[in-house]
2 protein chains.
Amino acid sequence: MILSTKGRYGLKAMFELGLQYGNGPIPLKIIAERQNIPENYLEQLIAILRKAGLVKSVRGAQGGYLMQRSPEEVTVGQVLLALEGPMAPAECVADPEAPKCKLASGCVTRGVWEKINNSIHNVIDTMTLQNMIEDQVSSIEKE
Amino acid sequence: MILSTKGRYGLKAMFELGLQYGNGPIPLKIIAERQNIPENYLEQLIAILRKAGLVKSVRGAQGGYLMQRSPEEVTVGQVLLALEGPMAPAECVADPEAPKCKLASGCVTRGVWEKINNSIHNVIDTMTLQNMIEDQVSSIEKE
DNA sequence: TAAATATCCGACTAAATTTGTCCGATGACT
DNA sequence: AGTCATCGGACAAATTTAGTCGGATATTTA
Ligand code: FES
Ligand code: FES
């Protein structure tokens, strides 16, 4: 269960946009270079993030992408949800509308999925891009 | 990031084997019926679990499958590892040998993956099949 | 106005994974 | 001998992954 490159590349890209927040747009080319992501592929990923309302774009020369909201307001969970779908082990714990196992004995794995789901979301829904940036800064200071 | 049916079916099957532990082998057909899993497909999954040393088999009439070790000794994590591969968001936190991002600035997502990885493993490596069985029993008692 | 920059959109693809199905061989019990 | 059940491998449709490419559009700059 390794995440796909969508989520892995996408979060790296969002980090770069977070760093740049408040300083105007940054083109994909720069992000792709800095994070070592195929530029043409990143184009597709950022389109998903744009449609999810996390990123906005400025076309033309000197254009590029910016975060729609500030890094404090965007969680890792929001980014991963857009790119990877629900970060849950099973549909039934991701979506209250989703069908549940209808076995006579009840579902024997539901409790496990719930615990895993809670522990994942406890991390990704509380961690913001701003937190990531701060962590990075303090890890560089230590050197 | 929903788990595949491998992990979801497989854990259900292991639960049934855990229930049966100490009472001789149980055929796949029964497990498939009880948990509503395509029998022919489950055959493939149990082969993986057998090769992983979690399950052993008895061929012939009155044969079937049994747990190799007791339900207290088998964690959810061991089952999911066999069926889904490493339960980590990225290779680099799953395997100490795996290559790390070698960017001048260091990897900006590593910390996030580590936190997610720890929170997942905190659940799945401490929860045993025996725990699942106990949870199920107490949830039935409450009715 | 022309050129350069950069997003936008859709098409296309190879490879891998998922989610099974099916069949014949083998082994064990009655 | 017949039945039960695992074992092994082949096959395959559908989906996802991980890109690549080309052309259209919008904006700035020279
Ligand atoms: S109710 Fe979700 S796996 Fe059973
Ligand atoms: S070192 Fe693991 S994602 Fe960068």
Of the listed nucleotides [options], the one nearest the side chain of [X]:
| X | options | answer |
| --- | --- | --- |
| R59(A) | dT6(D), dT21(C), dT27(D) | dT27(D) |
| N40(B) | dC29(C), dT21(C), dC7(D) | dT21(C) |
| Y65(A) | dC29(C), dA18(D), dT7(C) | dT7(C) |
| T5(A) | dT19(C), dG19(D), dT7(C) | dG19(D) |
| S57(A) | dG19(D), dT28(D), dC8(C) | dC8(C) |

- Message: Reading DNA chain D from 5' onward, which residue's closest nucleotide shows up sooner: E43(A) or E43(B)?
- Response: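 Result: E43(B).
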- Query: Which pair of non-hydrogen atoms, one from E73(A) and one from Q78(A), has the smallest distance, and what is that distance?
  - Reply: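 That would be O-OE1, 3.6 Å.
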- Identify the two heavy atoms, one from L3(A) and one from R8(A), that lie closest to each other, and give their separation to 0.1 Å.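 Minimum heavy-atom separation between L3(A) and R8(A): O-NH1, 2.6 Å.
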- Query: E114(B): what forms a side-chain contact (heavy atoms from CB on, under 4.5 Å) with it, not counting sequence neighbours?
  - Reply: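 Expected list: V93(B), R110(B).
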- Message: Rounding to 10°, can you tell me the angle the first-five-pair axis of the helix from dT1(C)-dA30(D) to dT30(C)-dA1(D) makes with its last-five-pair axis?
- Response: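 Comparing the axis at each end, I get an angle of 10°.
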Return the value, rounded to whole Å, for the distance between atom [atom1] of [X] and atom [atom2] of [N].
| X | N | atom1 | atom2 | value |
| --- | --- | --- | --- | --- |
| K29(A) | dT5(C) | NZ | P | 8 Å |
| Y41(A) | dT16(D) | OH | P | 13 Å |
| I48(B) | dG20(C) | CD1 | P | 14 Å |
| L45(B) | dT18(C) | CG | C1' | 11 Å |
| L49(B) | dT6(D) | CG | C1' | 15 Å |
| L83(A) | dA18(D) | CG | C1' | 14 Å |
| Q44(B) | dG9(D) | CD | P | 12 Å |
| E39(A) | dG22(D) | CD | C1' | 14 Å |

Are [X] and [N] close enough that a side-chain N or O sits under 4.0 Å from OP1 or OP2?
| X | N | answer |
| --- | --- | --- |
| S4(A) | dT16(D) | no |
| R50(A) | dT7(C) | no |
| Y9(B) | dG20(C) | yes |

- Distance-only side-chain donor-acceptor flag, E72(A) / S70(A), under 3.5 Å: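 E72(A) vs S70(A): donor-acceptor pair found between side chains.
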- Task: Taking atom types as modelled, find out whether S119(A) and N122(A) have a side-chain donor-acceptor pair closer than 3.5 angstrom.
- Result: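 Judged by distance alone, the side chains do not pair up.
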- May I ask you to decide whether R34(A) forms a salt bridge with E16(A), counting only side-chain N to carboxylate O separations under 4.0 Å?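 Salt bridge between R34(A) and E16(A), a charged N being under 4.0 Å from a carboxylate O: yes.
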Looking for any heavy atom pair under 4.0 Å, which part of the strands does [X] touch: base, sugar-phosphate only, or nothing?
| X | answer |
| --- | --- |
| R8(A) | nothing |
| K6(A) | sugar-phosphate |
| L28(A) | sugar-phosphate |

- Rounded to the nearest 0.5 Å, what's the gap from NZ on K56(A) to CD1 on I46(A)? Could you check?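 Atom-to-atom, K56(A):NZ and I46(A):CD1 are 13.5 Å apart.
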- Query: When rounded to the nearest 0.5 angstrom, what distance separates CG in L11(A) from CG in L83(A)?
  - Reply: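 Separation between the atoms: 8.5 Å.
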